[in-house]
Structures are given as structure tokens and as C-alpha cells.
Amino acid sequence: MRVQSIFYRDRQGRQHYLKAKAFIFAVGAGFERILPTLQVRAKLKRSRSTMVVAYPAVSPHNFVRMSTKNSYHFNHFFQRANMPDSSQFFNYSMLANSGYVSDENDYLDSGEIELLLDTAARYFGEDNLYQRQLWSYDCVKTEFISDDVQKRRYSYWIEVNAQSNYLCVLPGKFSFFPTVAVQTLKQLKNILPVSEVDRSHQDYHAYSHQAQALVASPYPHQLLATHLKNKANF
């Protein structure tokens, strides 16, 4: 099947008509209903992990600690982002561990938050940590489950038919790695051949900004941008 165009409604109920030479479908909620028809030997599971955002950052160093004891797992990621409506930057920390619960639970696990904060205090010191502003939220991630339920898969899935003009992408937990974008681009070039063209440095930056405008800001960026904007207005 080749898709000529798409007619759809957005969340506000407005009608849209989209025509293109190729389509990429980023599959999300409801994918379980489609999975049996695709002959893919995998099951899906949605899990929730607790994340803590600390502003400003508690440390400029990134590190991941893994252990046979789950209580020792700890991740720290240093992040930088643009200030709202400004060329200046702000920095913050992302704190996480390997803990997770089923997405069927509709509450934030306070025990996971306390464990994260206690571990962070041991690494960075209580005074250093609690001088920061802290937020916590649940991060929902999609995982592939193999026949062995003990194995958790953090990858992603791409389905494409060379005779068609569309491909489907299911992001996984580690989809923030460049791999999923690179492999999607390779598959897209197979169904929509393009010639290699030398671009000037200036052209590259113009296209880069256009591409970035198509990607939503990560939730911590949105959270902190709103906070800093309200603080500036106050």
C-alpha cells in the first residue's frame, strides 16, 4: 500500500489534509491493538520511573552507577538549555535510578523519590542538594518484552516495506540516543531517494534550526522554562 494523503482531526477537533511523498508514523498509545497484525514476536509494556530535576545543577559531571543491589543504582546527568526568550543558558541536573512500576498505577511513588534524594545527598551533600529547587515527575517508557519475561528490552522498533512510501517507528526507553533517528533516516532514504548535496556551513545551521523546531522540548526544559519565566515576571 502507498499512502497518497492523510485526512485527520487534531486534539481541538480541527480538520487537516496532509499530502506528501513519504510518511513517518511515530507510534505511541494504542499500539498494542495493532501489534498482533504485524507479525512481530514481541510484547509491549509501559513502565513508570521517578525522575528528579534539580535547579541549578548539583554537579557538572555525568555518571551512572550500576550494582547487583537495586538500591545502589544511581544516575546523574548534567543538562544545559536556553533561557526563555534569551540567548543565555541555564543548567540543571537529572537524577534517576533503575526503579520502575507498572504504568497501571496512577500515583507517584513517594518511596522512590525519597530513595533518590537520599542517594543524591550522599553523593553531593545535603547542603548542596537542598539549596537547589527540586521537582519530581513520572517518566513513562515503552519496553519490548521477549518470551523470557525476565528480560527487559530498551531498544526501539522500525517497520518498513520497500515497496511502500511510509515507515512506522516505535520509540523505546533509550530513544533519546541518536541511533533511532539515524536508522529512521536510513530507512527513509531507501523509500525516498535523495541526492547528496554539499551544503555550506551557513546552510547547515539554517536547516539545523528548522529541524530542531520540529522537536518538542523535553519535559524538564518546559518545566524550568515556565518556572524561570514566572520568576522573571515576578
Side-chain angles (χ1 to χ4, degrees), residues 46-103 105-143 152-156 171-182 208-209 211-234:
R46 288 192 302 273
S47 301
R48 296 154 63 101
S49 290
T50 300
M51 315 288 286
V52 170
V53 181
Y55 169 78
V58 295
S59 171
H61 303 293
N62 298 322
F63 66 91
V64 174
R65 181 181 181 183
M66 302 184 69
S67 170
T68 55
K69 295 184 178 181
N70 291 338
S71 60
Y72 288 170
H73 282 246
F74 185 75
N75 308 328
H76 173 265
F77 298 103
F78 175 83
Q79 301 288 312
R80 293 186 72 208
N82 284 98
M83 294 280 285
D85 304 320
S86 172
S87 59
Q88 296 181 336
F89 289 89
F90 64 90
N91 60 65
Y92 65 95
S93 291
M94 292 295 303
L95 311 176
N97 59 20
S98 61
Y100 69 98
V101 296
S102 172
D103 188 38
N105 297 334
D106 57 356
Y107 59 88
L108 198 65
D109 190 343
S110 59
E112 286 294 330
I113 298 173
E114 294 298 331
L115 178 60
L116 269 174
L117 294 178
D118 289 344
T119 306
R122 291 198 301 269
Y123 278 109
F124 307 115
E126 288 190 4
D127 292 342
N128 183 29
L129 176 66
Y130 290 109
Q131 286 176 357
R132 270 61 180 169
Q133 292 179 285
L134 304 173
W135 293 266
S136 63
Y137 68 95
D138 272 359
C139 175
V140 179
K141 56 198 175 188
T142 302
E143 300 175 7
R152 301 173 64 198
R153 297 183 179 181
Y154 299 131
S155 188
Y156 52 88
K173 178 182 179 181
F174 287 162
S175 297
F176 56 85
F177 286 174
T179 312
V180 63
V182 171
S208 177
H209 287 306
Q212 291 177 7
L214 298 175
V215 182
S217 297
Y219 178 70
H221 287 197
Q222 299 178 38
L223 186 154
L224 287 170
T226 301
H227 168 74
L228 294 173
K229 183 176 180 180
N230 292 339
K231 186 176 180 180
N233 292 336
F234 179 76

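Keep in mind that this is a model prediction, so the values were computed, not measured.
- Of all heavy-atom pairs spanning Leu117 and Leu134, the tightest one is CD2-CD1, 3.9 Å.
- Nearest heavy-atom pair, Asn91 versus Ala57, reported as atom, atom and distance to 0.1 Å: OD1-N, 3.0 Å.
- Residues Tyr92 and Phe78 keep their aromatic ring centres 6.0 Å or farther apart.
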Begin from the C-alpha positions of Ser59 and His76 and carry the test side-chain hydrogen bond (donor to acceptor under 3.5 Å, both in side chains) through to its verdict.
CA-CA 8 Å; Ser59 171; His76 173 265; 4.8 Å; no
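- For the atom pair CZ (Phe89) and CD (Gln79), the distance works out to 13.0 Å, reported to the nearest 0.5 Å.
- Nearest heavy-atom pair across Ser136 and Val52 is CB-CG2, 4.2 Å.
- The heavy-atom pair separating Pro220 from Val53 by the smallest distance is CB-CG2, 4.1 Å.
- No side-chain donor-acceptor contact under 3.5 Å links Arg80 to the backbone of Phe90.
- Enclosure of atom CZ in Phe63 by more than 12 non-hydrogen atoms of other residues, nucleotides or ligands within 6.0 angstrom is indicated.
- By the 4.5 Å heavy-atom criterion applied to side chains, Tyr219 and His221 are not counted as neighbours.
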From CA spacing to verdict: side-chain contact (heavy atoms from CB on, under 4.5 Å), Leu95, Met51
CA-CA 6 Å; Leu95 311 176; Met51 315 288 286; over 6 Å; no
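- Side chain of Arg65 to backbone of Phe74: no donor-acceptor contact under 3.5 angstrom is found.
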side-chain hydrogen bond (donor to acceptor under 3.5 Å, both in side chains) between Gln133 and His227, intermediate numbers included:
CA-CA 10 Å; Gln133 292 179 285; His227 168 74; 3.0 Å; yes
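- For Asn97 (side chain) and Asn75 (main-chain N/O), no donor-acceptor pair under 3.5 Å exists by modelled atom type.
- Side-chain contact between Leu129 and Tyr123 is absent, with no heavy-atom pair separated by less than 4.5 Å.
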